[in-house]
Engineer: 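What follows is a structure written as structure tokens; I'll ask about it next.
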Amino acid sequence: MELSRRSFLKLSGAGIGVTALAQLGFSATALAASEELRISEATETTTVCPYCSVGCSAIVSVKDGKIVGLEGLPDSPINRASLCSKGQSIYQVANNDRRLTKVLYRAPGGTDWEEKTWEEAIPRIARLIKDTRDATFVETEEIEGVKVTANRCEGIAQLGGAALDNEECYLASKFARGLGLVYIEHQARI
Ligand code: SF4
């Protein structure tokens, strides 16, 4: 039988637990229950920790729409099943009552947040980006008395987050540079 490192760890872990319980005199029912893992019947997917540029991989177990297990991915050549304390807490990104799932808008000078739909928010964001870019775009500038092409937008900055993967970062920075942005930064660098 082909046995992966992960399957071996699972099997040996279950075996050790059952043997230890049997030696302590637990009943067959208790022994059976001990084998019922929290992650049984959960769907496992792999992910990459969003918190720093090390890029550790993890296995996330999801049952009934909730994360019920998280562990480092043994097959990852980067972290080989280990996760630091920040990585071990990534399930809180999803299992979190304080997570924002709706667009919230606070009007200029306002004190209260209003819920908006994405249909309302996206055109508004696009309008503000376009207006700000038009108002702050620098086409040329003079350097030591010589007029040169600048083509940069000085009125908008972009800050990326480590939750973005490589491809998303590529697209986000291409988009920003396409608008002429020069103030482009990333959370993992500051
Ligand atoms: S688990 Fe820790 S070291 Fe690994 S990517 Fe996440 S924050 Fe960085």
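Note that ligands are numbered from 1 as they come in the structure, with each ligand's atoms numbered from 1 the same way.
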Engineer: Of all the heavy-atom pairs spanning Ile156 and Arg133, show the shortest one and how long it is.
Structural biologist: CD1-N, 4.2 Å
Engineer: Give the numbers and elements of all ligand 1 atoms closer than 4.0 Å to a heavy atom of Gly55.
Structural biologist: 5 (S)
Engineer: Which heavy atom of Ile39 sits nearest to which heavy atom of Glu71, and what is that distance?
Structural biologist: CD1-OE2, 4.4 Å
Engineer: Return the minimal non-hydrogen interatomic distance between Cys153 and Thr136, and the atom names on each side.
Structural biologist: SG-OG1, 3.7 Å
Engineer: For atom 2 (Fe) of ligand 1, what is the closest protein heavy atom, and at what distance to 0.1 Å?
Structural biologist: Cys84 SG, 2.3 Å
Engineer: Please determine whether residues Val93 and Ile59 belong to a single hydrophobic cluster, defined as Ile, Leu, Val, Met, Phe, Trp and Tyr linked transitively by side-chain heavy-atom distances below 4.5 Å.
Structural biologist: no
Engineer: So that I can check it, does any N, O or S atom in Cys56 come closer than 2.8 Å to atom 8 (Fe) of ligand 1?
Structural biologist: no
Engineer: Can you name the atoms of ligand 1, numbered from 1 with element, that are less than 4.0 Å from a heavy atom of Tyr51?
Structural biologist: 7 (S)
Engineer: Against heavy atoms of Gly87, which atoms of ligand 1 measure under 4.0 Å?
Structural biologist: 1 (S)
Engineer: Determine whether more than 12 heavy atoms belonging to other residues, nucleotides or ligands lie under 6.0 Å from atom OH of Tyr105.
Structural biologist: yes
Engineer: Enumerate the atoms of ligand 1 whose separation from the nearest heavy atom of Cys49 is less than 4.0 angstrom.
Structural biologist: 1 (S), 5 (S), 6 (Fe), 7 (S)
Engineer: For Lys130, is the NZ atom crowded, meaning more than 12 foreign heavy atoms sit under 6.0 Å from it?
Structural biologist: no
Engineer: Looking only at protein heavy atoms, which one is nearest to atom 8 (Fe) of ligand 1, and what is the separation?
Structural biologist: Cys52 SG, 2.3 Å
